[in-house]
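Below, all heavy atoms of this structure are taken into account, side chains as well, without hydrogens, waters or symmetry copies. To find a chain, count down the sequence lines: A is the first, B the second, and so on, and within it residues start at 1.
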There are 2 protein chains.
Amino acid sequence: MTKKVTINDIAKAANTSTATVSRVLNNPDYPVKESLRTKVMEAIEQLNYVPNLVGKQLKTNTSNEIGVIIPNISNPYYTLLISGLEYVIRQSEKYILLCNTNGDPELERKYLEYLYQKQVRGMIISSINPDVEYLRFLQKNHVQIVAFEQDLDLDCTKINFDYYRGGFLAAEHLIKRGHRDIGFISAPLSRHSRRKVYEGFQACLNQYGIKEQKEYIKIGSDQQEISGEMFEYQNGKNLASQLLSEKKLPTSIFCINDMTAFGVIQQLQNNGLKIPEDVAVVGFDNIDMCEIVNPSLTTIDQSTFEMGRLAAEALMYSMKNTSAAPTNNLLQPTLIERQSTNG
Amino acid sequence: MTKKVTINDIAKAANTSTATVSRVLNNPDYPVKESLRTKVMEAIEQLNYVPNLVGKQLKTNTSNEIGVIIPNISNPYYTLLISGLEYVIRQSEKYILLCNTNGDPELERKYLEYLYQKQVRGMIISSINPDVEYLRFLQKNHVQIVAFEQDLDLDCTKINFDYYRGGFLAAEHLIKRGHRDIGFISAPLSRHSRRKVYEGFQACLNQYGIKEQKEYIKIGSDQQEISGEMFEYQNGKNLASQLLSEKKLPTSIFCINDMTAFGVIQQLQNNGLKIPEDVAVVGFDNIDMCEIVNPSLTTIDQSTFEMGRLAAEALMYSMKNTSAAPTNNLLQPTLIERQSTNG
DNA sequence: CTGAAAGCGCTAACAG
DNA sequence: CTGTTAGCGCTTTCAG
C-alpha cells in the first residue's frame, strides 16, 4: 500500500517548487530549463505521481464532466443517443456523467442537484417532466443546458425531431405507391411525439385529397400501457386482429413504430395475408430488427446518433460561447424503403 | 447571473463561523444552539446556498462515485447489467461514472487513469483485454475492483456466469424431452464464454451416452464476425441453410444465443418445417424478444440484472471492509421453458 | 456550545 | 527562467 504522492513530493524530489512542477505538468510551452524539466519528469516517473484532479478542479473552478440525464438506459433509442454524445464529448477530452432517472422526477431532481454540486457546467437533458424552475436556477448559475426532444418553457438550445414530417413522409410514400386505403395503428396518443406523427399522417392524406377512413384507424386504449417493446408488439397484434374483423381491409398500414409494425405483420401473416402484396406496412424508428425481419420493414429513420452528435456539439459550443443565443434545431426524418412496401 | 455563494457567505450572514455552518450542514446530531441553527438555515435558504462537493471531496479525500467500465453501451446485456448496478449504488447514495470503451484498450486505459485521478475508490470492470498491471497499481493505491465476467489474473472480487452449466442445462432439457439427434449452431467459438457453453453441451451429451453427430454441429467461420445482433441472426440463417442441405436433420437444435436461434427458426420455417414439432430449438440469453416471437423461445437465462446487483453489492462491501478477502462468485443459469421445445 | 486556524492538492499572480 | 505565496471551499482538530 503506497502513500499518496502529491505535487509537493515531486517538488522536493526534484529540488524545485510546486509552481515549476505544475508548469511542467500543464504547460508544455512554458519556458523551463531543460535540465530542470527532465529532473521533474524523472521524479514524476520514479514516484509514480498521478495528479489529483480534485485539487485542480477546486483551484481552477472548472469541470471536465458533462451531465447527461435520460429516462431509461435500457431503451436502445437512448443508448444510440449516448453513443452520439460520446463521439463528440470524448473528442473534447470531457467525460459523461450519466444519470438514468427511470422516469422518476424526484430522482431526476436529485441528479440535477448532484451535478450542480459537482460543479458540472454543461448538461444534456432528455427526460420526462423536467423541473423547469430548477433548470432556470441552474442557468442563472452559469450552467449550460441543451434539451433533447423536449418541449420546455425554457430559453435553452433545443434538439428536436420533426415527428410531424415523419408521419407525413410515411403517408406520402404509401400514396405515391398507389395506395388509397391507408390504415394507422398506434399505441395511445398520450405522448406528444405520437400525436405529431399522427397529425402529419392526416395532413398528408388531406393534402392528397384522400379521406381518412375511421375503420382503418386503430389506436390502443389508454389503460394498459406498460413499458417497453413487448407492449408495442402486443398492441400491434391486438389492433391488427381488430382490423381483420372489419368488413374490409386497407391496402396499406402505417404503424406508430417498428415494434408495433412487427406485431401487425405477424398477425396479418398468421391470417394468411402476404406482405406487401396484400397489405403494405410502414414502421417508424428504423431499429436494427427492420433489416432482419421478413419482409424487411420500410420505416422512418430518426438518425438518433446524429441527433446525439448535434446535441453534444451544441453544448460544447454554448460552453465556449456562453453568451451565444440558444438555437432551436429540428431534425428531419428520412424514409428507408425496404420490402414491406415494395409490392 | 448570480455570484457563487460559499459557506463563508453563510457564516457571515448568520453571524457565526464556517465551522458551525459546516456542522449544521453535515452533522444533524452535533449540539448547536437551536437559535443559531435556525439562523444558519435561514441564511442558507435566503442566499440559495448549494454546497460545493469539490471542496468537500478535497478536504475529506473521499469520493462518492463508482467507476463502471463496459465495452458497449448499445448492447442490452450491458444496459441490463448497469440497471442492476444502479439499483444498489443509488441506495448507497453514490453515483455511477460510466465509461464506454467500445472495446478499445487504449480508451479503457484512459478511462481508468481518469477515474483514478478523480479519486474514485471503487470500480466495476467489464471489459476486453484489461490492463492487469495498471489494475494492480490501482489496487495498491486503495482502489477496490470488482471484475465482471472476466478471467483476470488479478486478486479481486469476481462475478462470473456458469456458461458451462448453461450449455449443460440446455442439452439436458432436450434430452429429457426425448431428443437424441441434437444439433448445435453457433458463431465462432472465439470467446471464452461460447467455448464454455459448447463444452457444457458436449459434456451433457456424453453423460447421457449420446454421441455428438458432427454433421449436426455448425459453427460459423472466423473471418466475418462483425459485431452485433445482425451478425448473429444472419449467421443463424446461414448455418441453418447448411444444416438443411445435409441428408438428415436433427430433431432439435441448441443455439449459442437467442438471436442466432431466431435466424435458425426463420430459415427452418421458410423451408416449411414446424417448430417445435419437426425441430425443437433452444436459445441462450433470454432477451425480451424470446416471448414475442412465434413460437416463443425456450432459452437459458443469465439474470444479468441480478449479476449487476451482486457486483455492486460486492463492491460496496469491499469498500467498507477494505481488508476483506476477495470472493469468487459463479452465477447459475436457469432454463426458461417456452413453446419452441414444447412439441 | 462555538470559533480560530490549519490544510486537503493544486494553480496562478507576482516578484525576482 | 524560477520560487513564494495566496487561496479555491470545505472539514476538523483544538482551545476556549
Quick one: is Thr6(A) getting a side-chain N or O under 4.0 Å of the dG9(C) phosphate, OP1 or OP2? no
Ile7(B) side chain: which of dC10(D), dG9(C), dC10(C) is closest? dC10(D)
Closest nucleotide among dA5(C), dG3(D), dC8(D) to the Thr18(B) side chain: dA5(C)
Across the strands shown, which category fits Leu53(B) at heavy-atom distances under 4.0 angstrom: base, sugar-phosphate, nothing? nothing
Over how many whole Å does the gap from Tyr116(A) atom OH to dG9(D) atom P extend? 11 Å
Compute the ring centroids of Tyr134(B) and Phe137(B), then answer whether they are less than 6.0 Å apart. yes
Which nucleotide wins on minimum distance to the side chain of Lys56(B), given the candidates dA6(D), dT4(D), dT11(D)? dT11(D)
Shortest side-chain distance from Asn26(B), nucleotide among dT11(D), dG9(D), dA12(C): dT11(D)
How long is the line joining CG of Asn27(A) and P of dT2(D), in whole Å? 14 Å
Should the side chain of Tyr30(A) and the base of dT2(D) be counted as holding a donor-acceptor pair, with the cut-off at 3.5 Å? yes
Quickly work out the Arg23(A) CZ to dG3(D) P distance and round it to whole Å. 8 Å
Shortest non-hydrogen contact between Leu85(A) and Ala312(A), atoms and distance: O-CB, 3.8 Å
Rounded to whole Å, please give me the gap between NZ in Lys59(B) and P in dC8(C). 7 Å
Contact between Val24(B) and Met41(B) at the side-chain level, heavy atoms closer than 4.5 Å - yes or no? yes
With the side chain defined as heavy atoms from C-beta on, Thr60(A) is closest, among dG3(C), dT12(D), dA12(C), to dA12(C)
Choosing from dT2(C), dT12(D), dG9(C), which nucleotide comes nearest the side chain of Lys33(B)? dT2(C)
Is a side-chain donor or acceptor of Gln150(B) paired with a backbone partner of Ser127(B) at a separation under 3.5 angstrom? yes
Whole angstroms only, please: what is the NZ-P distance between Lys118(B) and dG9(C)? 16 Å
Closest-nucleotide 5' rank along DNA chain D - winner of Glu34(A) and Ser22(B): Glu34(A)
Starting at atom CG of Asn61(A), determine the distance to atom P of dC8(D), rounded to an integer number of angstrom. 11 Å
Indicate yes or no for a side-chain donor-acceptor contact from Thr322(B) to the backbone of Met319(B) under 3.5 Å, with no hydrogens or angles considered. no
Could you please name the option among dT11(C), dT2(D), dT11(D) that lies closest to any side-chain atom of Thr16(A)? dT2(D)
N or O in side chain of Thr20(B) less than 4.0 angstrom from dG3(C) OP1/OP2: yes
Heavy atoms only, 4.0 Å cut-off, all strands: where does Asn52(B) land among base, sugar-phosphate and nothing? sugar-phosphate
To the nearest Å, how far apart are Gln57(A) CD and dC8(C) C1'? 14 Å
